[in-house]
J.: 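Starting off with a structure, shown below.
Letters A, B, ... mirror the listed sequences (proteins, then strands); counts begin at 1. Computed from a predicted model, the values in this text were never measured in an experiment.
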Protein chains: 2
Amino acid sequence: MNEVTCKISDAEWQVMKVLWAESPITATQVIEYLKPETHWSPKTIHTLIGRLVKKQVLGVNKNSNLFQYYPLVSKDDCMRDETKSFLHKVYDGSLHLLLANFVKNESLSPRDIEELRNLLDERIK
Amino acid sequence: MNEVTCKISDAEWQVMKVLWAESPITATQVIEYLKPETHWSPKTIHTLIGRLVKKQVLGVNKNSNLFQYYPLVSKDDCMRDETKSFLHKVYDGSLHLLLANFVKNESLSPRDIEELRNLLDERIK
DNA sequence: ATAACTAGACTACACTTGTAGGAAGGTGCT
DNA sequence: AGCACCTTCCTACAAGTGTAGTCTAGTTAT
């Protein structure tokens with residue numbers, strides 16, 4: 001539930017997703033994971049990791065010449081913050097507006113809708 | 001339904017919201033509208049408007065020494081694009097995930113939920 | 001051991017963004 | 001007609017971002 005104070009940029013998010021999925025891991029492993037989905041040079045990924053460490057979003061284990069990185073903030077917290085600022089920017093803070101738009105624009109498959117209804121039903125209980 | 005190619009920054013969004021609500025209007029009017037909600041200098045707003053014109057997001061009427069600005073892209077299109085890239089960045093493109101998160105985190109009031117259900121019901125018809 | 005390689009640290013560089021100042025020309029009041 | 005002011009244009013500048021290269025010290029293969 002903590003507020004995450006610092007902004008994580010688009011490229012940094014991709015790095016964080018890897019670390020949230022598995023950690024602690026080395027930079028080399030991060031690079032391996034990202035290689036298929038990005039065209040980034042390993043150097044670029046090192047830079048991104050470095051920035052995330054400086055922002056105190058990632059921590060480092062420096063045991064035995066082998067640097068291992070791990071998240072210092074939870075994915076949930078970041079998602080919440082990011083969603084909040086996005087909603088504020090585009091939808092004036094109204095999740096309702098966003099949903100209305102999505103539902104209206106048929107961006108949802110019937111299965112999506114069905115599942116959503118189930119989710120909502122659960123919440124009502 | 002057009003793709004909006006260029007990015008609109010946070011500050012620019014605030015300007016665009018004014019123009020989407022009413023247009024064409026002059027820079028002075030935009031400044032008036034934004035004065036209560038921002039602490040921006042008129043200069044800043046002029047800069048933002050200028051950038052939006054350069055990005056071809058705003059158009060200008062230069063009739064009679066009175067410059068009037070108006071949007072060249074629809075709010076809906078921009079919202080859709082912004083939402084898409086946000087969803088991709090944070091939720092791997094899954095609106096479902098976002099909603100699940102919101103519903104789970106009790107960020108929705110019972111009334112929100114009720115309304116959402118109604119929206120969904122409409123779509124099912 | 002020595003040459004080659006590698007991981008991390010530091011540096012680079014252009015572009016965007018937030019935030020605004022100064023110059024230049026038109027408009028209105030006196 | 002002159003002064004003041006507004007409007008637009010151009011310029012500025014630091015921080016953040018995407019993207020990557022160089023330097024240095026440790027690791028590995030021969």
Side-chain angles (χ1 to χ4, degrees), chain A residues 4-19 24-35 37-70 78 81-82 85-86 88-90, chain B residues 4-19 24-35 37-70 78 81-82 85-86 88-90:
Chain A
V4 178
T5 48
C6 55
K7 295 286 267 173
I8 297 174
S9 79
D10 288 18
E12 287 163 1
W13 259 89
Q14 291 198 247
V15 173
M16 287 309 292
K17 280 187 198 167
V18 172
L19 271 294
I25 59 178
T26 66
T28 314
Q29 287 174 286
V30 175
I31 290 165
E32 279 311 307
Y33 279 114
L34 287 175
K35 185 157 290 176
E37 27 183 314
T38 68
H39 47 118
W40 294 338
S41 140
K43 298 299 192 176
T44 301
I45 296 176
H46 275 295
T47 301
L48 292 171
I49 291 176
R51 287 180 185 166
L52 287 165
V53 171
K54 189 157 71 176
K55 287 184 185 179
Q56 305 204 295
V57 174
L58 287 183
V60 202
N61 276 332
K62 301 198 180 185
N63 304 332
S64 74
N65 306 331
L66 187 84
F67 286 45
Q68 285 190 311
Y69 300 92
Y70 55 91
C78 287
D81 283 3
E82 202 75 46
S85 67
F86 161 75
H88 180 260
K89 163 172 150 187
V90 177
Chain B
V4 179
T5 47
C6 53
K7 295 285 265 172
I8 298 173
S9 78
D10 288 18
E12 287 162 3
W13 260 89
Q14 292 199 247
V15 172
M16 288 308 294
K17 281 187 197 168
V18 172
L19 271 296
I25 58 177
T26 65
T28 313
Q29 287 174 286
V30 175
I31 291 165
E32 279 311 307
Y33 278 114
L34 286 175
K35 186 157 288 175
E37 26 184 315
T38 67
H39 47 118
W40 293 337
S41 138
K43 297 295 194 176
T44 301
I45 295 177
H46 276 295
T47 302
L48 292 171
I49 290 177
R51 286 181 186 164
L52 287 164
V53 171
K54 189 157 71 176
K55 287 184 186 180
Q56 306 204 295
V57 175
L58 288 183
V60 202
N61 276 333
K62 301 197 181 184
N63 305 332
S64 73
N65 305 331
L66 187 85
F67 286 44
Q68 286 189 310
Y69 300 93
Y70 54 91
C78 287
D81 284 3
E82 202 77 45
S85 68
F86 162 74
H88 180 260
K89 164 170 150 187
V90 177

J.: Whole Å only: how far is the NZ atom of A:Lys55 from the C1' atom of D:dT17?
T.: 8 Å
J.: Nearest to the B:Thr28 side chain among D:dT8, D:dT7, C:dG8, which nucleotide is it?
T.: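 Closest of the options to the side chain of B:Thr28: D:dT7.
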J.: Sort me out a list of protein N/O and nucleotides 18-22 of chain D N/O pairs below 3.5 Å, or just none if empty.
T.:
{"unit_1": "D:dG18", "atom_1": "OP1", "unit_2": "A:Asp10", "atom_2": "N", "d": "3.4"}
{"unit_1": "D:dG18", "atom_1": "OP1", "unit_2": "A:Ala11", "atom_2": "N", "d": "3.2"}
{"unit_1": "D:dG18", "atom_1": "OP2", "unit_2": "A:Ser9", "atom_2": "OG", "d": "2.6"}
{"unit_1": "D:dG18", "atom_1": "N7", "unit_2": "A:Arg51", "atom_2": "NH1", "d": "2.9"}
{"unit_1": "D:dG18", "atom_1": "N7", "unit_2": "A:Arg51", "atom_2": "NH2", "d": "3.3"}
{"unit_1": "D:dG18", "atom_1": "O6", "unit_2": "A:Arg51", "atom_2": "NH2", "d": "2.9"}
{"unit_1": "D:dT19", "atom_1": "OP2", "unit_2": "A:Trp40", "atom_2": "NE1", "d": "3.0"}
{"unit_1": "D:dT19", "atom_1": "O4", "unit_2": "A:Arg51", "atom_2": "NH2", "d": "3.0"}
{"unit_1": "D:dA20", "atom_1": "OP2", "unit_2": "A:Ser41", "atom_2": "N", "d": "3.3"}
{"unit_1": "D:dA20", "atom_1": "OP2", "unit_2": "A:Thr44", "atom_2": "OG1", "d": "3.1"}
{"unit_1": "D:dA20", "atom_1": "N7", "unit_2": "A:Thr47", "atom_2": "OG1", "d": "3.1"}
{"unit_1": "D:dA20", "atom_1": "N6", "unit_2": "A:Thr47", "atom_2": "OG1", "d": "2.4"}
{"unit_1": "D:dT22", "atom_1": "O4", "unit_2": "A:Lys43", "atom_2": "NZ", "d": "2.7"}

J.: Is any side-chain heavy atom of A:Val90 less than 4.5 Å from a side-chain heavy atom of B:Phe86?
T.: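 Contact flag for A:Val90/B:Phe86 side chains = no.
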J.: Apply side chain to side chain contact (heavy atoms under 4.5 Å, CB included) to A:Thr44 and list each qualifying residue two or more places apart in sequence or on a separate chain.
T.: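 Counting only residues at least two positions away or on another chain, A:Thr44 forms a side chain to side chain contact (heavy atoms under 4.5 Å, CB included) with A:Trp40, A:Ser41, A:Leu48.
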J.: Whole angstrom is fine here: how far is it from CD1 in B:Ile25 over to P in D:dT7?
T.: 13 Å
J.: Tell me: NZ of B:Lys7 to P of D:dG16, nearest whole Å?
T.: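 In whole Å, D:dG16 P and B:Lys7 NZ are 18 Å from each other.
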J.: With pairs taken as Watson-Crick or G-U wobble and both distances under 3.5 angstrom, which stems of at least three consecutive pairs involve DNA chain D?
T.: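 Correct response: C:1-30 with D:1-30.
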J.: Can you measure B:Gln68 atom CD to D:dT7 atom P for me and round it to whole angstrom units?
T.: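 Rounded to whole Å, this separation is 12 Å.
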J.: Under 4.0 Å between any heavy atoms, over every strand shown, what does B:Lys54 touch: base, sugar-phosphate, or nothing? Just pick one.
T.: nothing
J.: Could you check if a side-chain atom of A:Lys54 sits within less than 4.5 angstrom of a side-chain atom of A:Arg51, using non-hydrogen atoms only?
T.: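 No. Closest side-chain heavy atoms not under 4.5 Å.
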J.: Roughly how many Å is it from NE2 in B:His46 to P in C:dA24, rounded to a whole number?
T.: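 So the two atoms are 18 Å apart, to the nearest Å.
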J.: A:Leu52 has an atom CG; how far is it from atom C1' of C:dG8, in whole Å?
T.: 15 Å
J.: For A:Ile45 and C:dA9, what is the distance between atoms CD1 and P respectively, to the nearest whole Å?
T.: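 After rounding, the reported distance stands at 16 Å.
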J.: Are any non-hydrogen side-chain atoms of A:Lys7 and A:Ser85 less than 4.5 angstrom apart?
T.: yes
J.: Can you find a pair of side-chain heavy atoms, one from A:His46 and one from A:Ile31, that are under 4.5 Å apart?
T.: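 The answer is yes, as the side chains (C-beta and beyond) meet within the 4.5 Å cut-off.
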J.: With sequence neighbours left out, write down each residue that passes side chain to side chain contact (heavy atoms under 4.5 Å, CB included) with B:Gln68, or none if nothing qualifies.
T.: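 Side chain to side chain contact (heavy atoms under 4.5 Å, CB included) check on B:Gln68 returns B:Pro24, B:Thr26, B:Asn61, B:Leu66.
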J.: With sequence neighbours excluded, tell me which residues meet ring-ring contact (aromatic ring centres under 6.0 Å, His included) with A:Trp13.
T.: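 Scan of A:Trp13 (ring-ring contact (aromatic ring centres under 6.0 Å, His included), adjacent residues dropped) gives A:Trp20.
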J.: Residues two or more places apart in sequence or in another chain: which of them pass salt bridge (Lys or Arg N to Asp or Glu O under 4.0 Å) with B:Lys89?
T.: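 In terms of salt bridge (Lys or Arg N to Asp or Glu O under 4.0 Å), with neighbours along the sequence ignored, B:Lys89 is linked to A:Asp10, A:Glu82.
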J.: To the nearest Å, how far apart are B:Gln29 CD and D:dC6 P?
T.: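 Value for this atom pair: 16 Å.
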J.: So B:Tyr69 and B:Val30, do their side chains get closer than 4.5 Å, heavy atoms only?
T.: no
